Amino acid sequence: MLVLDQLVMDFSGFRAVNGCSFSVAEGSITGLIGPNGAGKTTLFNLIAGAMPPTAGKITFRGEDVTRLSSDALFHKGLVRTFQIPHEFDRLSALENLMMVPPEQPGESLVSNWLSWGKVRKAEQEVERKAYETLAFLELTHIAHERAGNLSGGQKKLLELGRTMMTDAKLVLLDEPAAGVNRTLLRKLEQKIEILNKERGYTFILIEHDMEMIEKLCDPVVCMAEGKVLIEGGFQTVRSDPRVLEAYLGESVEA
Ligand code: ADP
Ligand code: MG
């Protein structure tokens with residue numbers, strides 16, 4: 001589904017991504033691990049079109065998408081979750097979901113004038129989908145709660161829900177477990193698994209929580225110093241001495 005070929009990203013002389021290559025199979029949950037500073041988040045930024053790579057090529061579903069904008073990629077089904085922006089804190093959970101869908105006819109003033117009925121219908125459809133998403137996430141009880149009042153875990157679930165409002169094919173999750181309590185963490189894992197198995201979402205998951213990686217991910221790719229150190233099954237990667245060394249290097253520096 002996704003092929004990364006020798007990606008490089010330079011930040012004014014510093015090479016954050018240094019010849020990174022790997023592939024993501026359709027239907028997989030691919031885990032991306034590695035010590036802090038390995039370049040994982042930067043790699044996500046490249047894949048999602050937040051910035052163009054210095055060099056290398058990205059192919060998504062057979063198409064060269066290396067220099068496409070995040071907006072263009074979004075419409076192709078490549079979606080990255082973001083923290084709910086502060087401006088959305090005052091909106092309810094339901095409204096946060098309803099803000100997501102692209103290409104709503106209501107967005108154009110002209111179409112508002114000309115086809116009020118069509119706009120109304122599209123809005124109702126979006127609302128229905130938002131309620132369905134909240135039900136899937138077991139968040140119906142907080143539908144009208146302000147997003148700003150939700151717990152860390154509920155926010156993460158809602159962020160996952162925002163991807164469900166789109167026609168997502170490949171979803172990039174950057175440390176979804178960070179700051180989430182145990183109970184909601186299990187729920188988050190379970191929802192990711194269902195989205196993968198039953199709704200056909202492919203995921204790339206960056207996570208430091210190794211329990212979550214072990215439970216959900218195959219294969220696991222370990223990055224260090226901007227490139228792939230090793231990839232394979234969780235047990236293979238975990239028991240590789242180079243992986244341990246990469247993480248030890250991190251703590252020595254710290
Ligand atoms: P990870 O997510 O694996 O912890 P990052 O991709 O966030 O790693 O960072 C990789 C390296 O690139 C780090 O040394 C970081 O300081 C650097 N870096 C990331 N973004 C920028 C930027 N916008 N400008 C300069 N350096 C950056
Ligand atoms: Mg990161």
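Residue numbers start at 1 and run along the sequence shown. The structure displayed is predicted, hence computed values, not measured ones. Atoms within a ligand are numbered from 1 in the order they appear, just like the ligands themselves.
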Ile33 versus Tyr247, closest heavy-atom pair with distance: CB-OH, 3.6 Å
Check this for me: does any side-chain nitrogen of one of Arg128 and Glu132 sit under 4.0 Å from a carboxylate oxygen of the other? yes
Under a 4.0 Å N-O cut-off, is there an ion pair linking Glu189 with Arg186? yes
If only protein N, O or S atoms under 2.8 Å count, total around the Mg ion (ligand 2): 1
Sorted by chain and residue number, the residues with a non-hydrogen atom under 4.0 Å of ligand 1 are Phe11, Phe14, Ala16, Pro35, Asn36, Gly37, Ala38, Gly39, Lys40, Thr41, Thr42
What pair of heavy atoms forms the shortest contact from Ala168 to Thr163, and how long is it? CB-O, 3.8 Å
Between Asp71 and Ser69, is there a side-chain donor-acceptor contact under 3.5 Å, judged purely by atom types and distance? no
Which heavy-atom pair separates Ile192 from Leu216 by the least distance, and what is that distance? CG2-CD1, 4.0 Å
Can we say Lys215 and Glu193 salt-bridge, meaning some charged N sits less than 4.0 Å from an Asp/Glu carboxylate O? no
For Arg90, is there an ion pair with Glu95 - N to carboxylate O distance below 4.0 angstrom? no
Of Gln154, Lys191, Gln190, which is the lone residue that meets side-chain hydrogen bond (donor to acceptor under 3.5 Å, both in side chains) with Glu138? Lys191
